[in-house]
Amino acid sequence: MTDIRNLVILTGAGISAESGVATFRGPGGLWEGHRVERICTPQALADDPALVHRFYDARRAALATVEPNIAHHALARLDAAWPGDLLVVTQNVDNLHERAGSGRLLHMHGELRSALCAICEHRTPHDGDLPPGAACPACGAHALRPDIVFFGEMPYQMDRIEAALATADLFVSIGTSGAVYPAAGFVQRATHYGAATLELNLEHSAGSGLFDETRLGPASTLVPEWINTLLSNRQTA
Ligand code: APR
């Protein structure tokens, strides 16, 4: 593999699975029992704000019961050691990457521990329950909502992600089913820009055929293995 300087790493629910955070489409996944269109859409928020707020309150509360796992810690170690550009783009709304120590991190689908004002778009760090109609500390409007990108809404910081993909030497996807765009299309963007692409996942995903290489197994095994090799190759380069 040519000299690797700039990394873009996409993570999905699979990296948090071994921390006990349910994935979305696996057995017992988050959406089971909760019809997606009932929960994560602007219409659901308008039709039944109490249900949507309750769903995210429960997920926010569950953060206190889980810890970052080996894969999160390995990525944080890479973040600290890597001299080139590195960006972890996570689809996850949990805070496990931060708690493991990752600094160069972007939440493209939002964060459970943040509240967004539907009027002025001010973001407020938020723990605990978020009642519908809570007042925005910036503009006073009673319009705080979960700071989560709902289906049909545009993910955050897409320009920054595209810019990182445009200069990436290696794009790595960890623990995602490749079922949801635009994240599922990042491998094709990376390839278009000339990056090498690697998938680390428990099973084949919808995008597996698009990667230069796919390794199957749990993130807690594959991620540290990949990072150890990457860092040792760099030292000998
Ligand atoms: N290690 C690695 N991969 C794993 C593990 C594990 N221990 N456990 C599960 N996986 C893999 C599964 O095989 C699956 O391919 O993680 C992937 C999880 O896929 P999804 O549940 O679809 O989650 P994700 O890809 O993150 O969903 C993307 O969809 O519903 C929306 O906004 C939501 O961000 C989410 C997006």
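Atoms within a ligand are numbered from 1 in the order they appear, just like the ligands themselves.
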Option nearest atom 6 (C) of ligand 1 (shortest heavy-atom distance, choices G14, S208, A183, G12):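 Looking at heavy atoms only, the winner is G14.
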Of all heavy-atom pairs between F150 and C40, which one has the smallest distance, and what is that distance? CB-O, 3.3 Å
Test your reading of the structure: does [X] have an N or O sitting under 3.5 Å from an N or O of ligand 1?
X    : answer
L202 : yes
F151 : no
V180 : no
T176 : yes
S205 : no

When you measure from the heavy atoms of A179 to every atom of ligand 1, does any distance fall below 4.0 Å? no
Apply the side chain to side chain contact (heavy atoms under 4.5 Å, CB included) test between F171 and each candidate in I9, T191, V89, V8; give the one that qualifies.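 Running side chain to side chain contact (heavy atoms under 4.5 Å, CB included) over I9, T191, V89, V8 with F171 returns exactly one hit, V8.
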D169/R5 salt bridge by N-O under 4.0 Å criterion: no
Can R99 and E67 be counted as an ion pair, charged N to O under 4.0 angstrom?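 Salt bridge present between R99 and E67.
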Look at atom CG of L230 and say whether more than 12 heavy atoms of other residues, nucleotides or ligands are closer to it than 6.0 Å. yes
